[in-house]
Amino acid sequence: MKTWNVMADGMGYYVELRNNKEIAVNGALLKLKDYRAKTGMVQTEYEIPLGSKKALLVIRSMSEPALVLDNRDCATGEEYVPAKVPAWAFVFMALHCINFRNGAIGGAMGAMGIIITASVSGNRKMNILARIGIDIAVLAGAYAIVYAVALALVGLLY
């Protein structure tokens, strides 16, 4: 459960995210599905009414949810920078897709690798070299796990 204390139109609002399906604004329960604004590869955004303004609730994969009002993160006060997957990240995602040929474990590792790559690559707060390094490590780790499991199974069968 994540909470924020927000000022909008001179009024205070207590916003509480519950189980990523409901949000309470000053105790009034709202279903998020009624406020879906935009769904992307790494995040889902909801426009939540706060007085005469609309706050943007951003739920990212592998990250804390954020509430944004007037282009500012309500938790940190920093300017909100939307996550955007850069073009170079799609090269890493394509390399993860090759793992889908390696059965159920390969498919699971490929899907997990794509999600992690999209999430890390879209994080503009992190240095680009660090993001590329993490993407390389995730790619290598995914393939290492698939081949380690394959070798273990071969060892058990023969």
Side-chain angles (χ1 to χ4, degrees), residues 1-4 6 15-25 29-48 54-69 71-158:
M1 185 163 24
K2 178 79 175 164
T3 61
W4 299 270
V6 181
V15 181
E16 180 181 23
L17 177 64
R18 299 178 179 176
N19 68 23
N20 287 355
K21 293 185 183 202
E22 299 174 328
I23 192 164
V25 178
L29 203 58
L30 307 172
K31 294 199 181 296
L32 287 179
K33 67 179 180 169
D34 298 334
Y35 298 94
R36 179 158 300 181
K38 185 175 157 186
T39 300
M41 183 178 275
V42 294
Q43 69 184 25
T44 304
E45 299 174 348
Y46 302 93
E47 288 184 354
I48 307 298
K54 297 233 184 227
L56 189 66
L57 174 66
V58 181
I59 299 178
R60 293 181 178 158
S61 60
M62 300 181 58
S63 184
E64 285 276 318
L67 188 68
V68 178
L69 186 65
N71 209 33
R72 294 264 173 218
D73 187 322
C74 293
T76 64
E78 296 175 354
E79 182 178 356
Y80 170 66
V81 179
K84 184 178 180 220
V85 179
W88 53 263
F90 289 98
V91 172
F92 289 103
M93 289 188 246
L95 292 171
H96 279 291
C97 287
I98 296 169
N99 235 343
F100 285 108
R101 298 179 329 156
N102 294 325
I105 294 170
M109 294 308 298
M112 192 166 52
I114 290 169
I115 292 168
I116 293 170
T117 297
S119 181
V120 167
S121 299
N123 184 350
R124 294 188 204 170
K125 292 181 181 178
M126 193 183 302
N127 180 323
I128 190 166
L129 292 177
R131 292 185 280 168
I132 292 171
I134 292 170
D135 288 344
I136 291 169
V138 168
L139 184 64
Y143 278 96
I145 289 171
V146 169
Y147 287 108
V149 169
L151 289 174
L153 288 175
V154 167
L156 288 173
L157 295 174
Y158 297 104

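Any value given below was found using the heavy atoms of this structure, including those in side chains, with hydrogens, waters and symmetry copies removed.
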Should Ile23 and Tyr46 count as side-chain neighbours, where that means a heavy-atom distance under 4.5 Å?
-> no

Side-chain polar contacts of residues 85-105 - donor-acceptor pairs under 3.5 angstrom, sequence neighbours left out - could you list them?
unit_1, atom_1, unit_2, atom_2, d
His96, NE2, Thr117, OG1, 3.4
Asn99, OD1, Asn102, ND2, 2.8

Search all heavy atoms of Ala24 against all heavy atoms of Leu29 and return the closest pair with its distance.
-> CB-CD1, 4.2 Å

Nearest-0.5 Å distance that lies between atom OG in Ser121 and atom CD1 in Ile116 | 11.0 Å

Do Glu47 and Leu56 have side chains that get closer than 4.5 Å, going by heavy atoms?
-> yes

If you measure from CD1 on Ile145 to CE on Met112, what distance do you get to the nearest 0.5 Å?
-> 6.0 Å

Salt bridge (Lys or Arg N to Asp or Glu O under 4.0 Å): which pairs involve residues 77-90, sequence neighbours left out?
-> Glu78-Lys125

Can you check whether Leu32 reaches Leu57 side chain to side chain, under 4.5 Å on heavy atoms?
-> yes

Distance col, row Glu22:CD vs Asp34:CG, nearest 0.5 angstrom, shows 10.5 Å

What's the shortest heavy-atom distance between Val138 and Gly113, and which atoms?
-> CG1-CA, 4.1 Å

Asp135 versus Leu139: any side-chain heavy-atom pair under 4.5 Å?
-> no

Nearest atoms (heavy-atom pairs only) where Asn127 meets Leu129 | OD1-N, 2.7 Å

What closest approach, in Å, do Pro65 and Trp4 show between heavy atoms, and which atom pair accounts for it?
-> O-CZ2, 3.7 Å

Residue pair Arg131 / Asn123: nearest heavy atoms and the distance that separates them = CD-O, 3.2 Å

Measure the shortest side-chain to side-chain distance between Lys2 and Leu67 over non-hydrogen atoms and say whether it is less than 4.5 angstrom.
-> no

What distance do Met126 atom CE and Ile132 atom CD1 have between them, rounded to the nearest 0.5 Å?
-> 12.0 Å

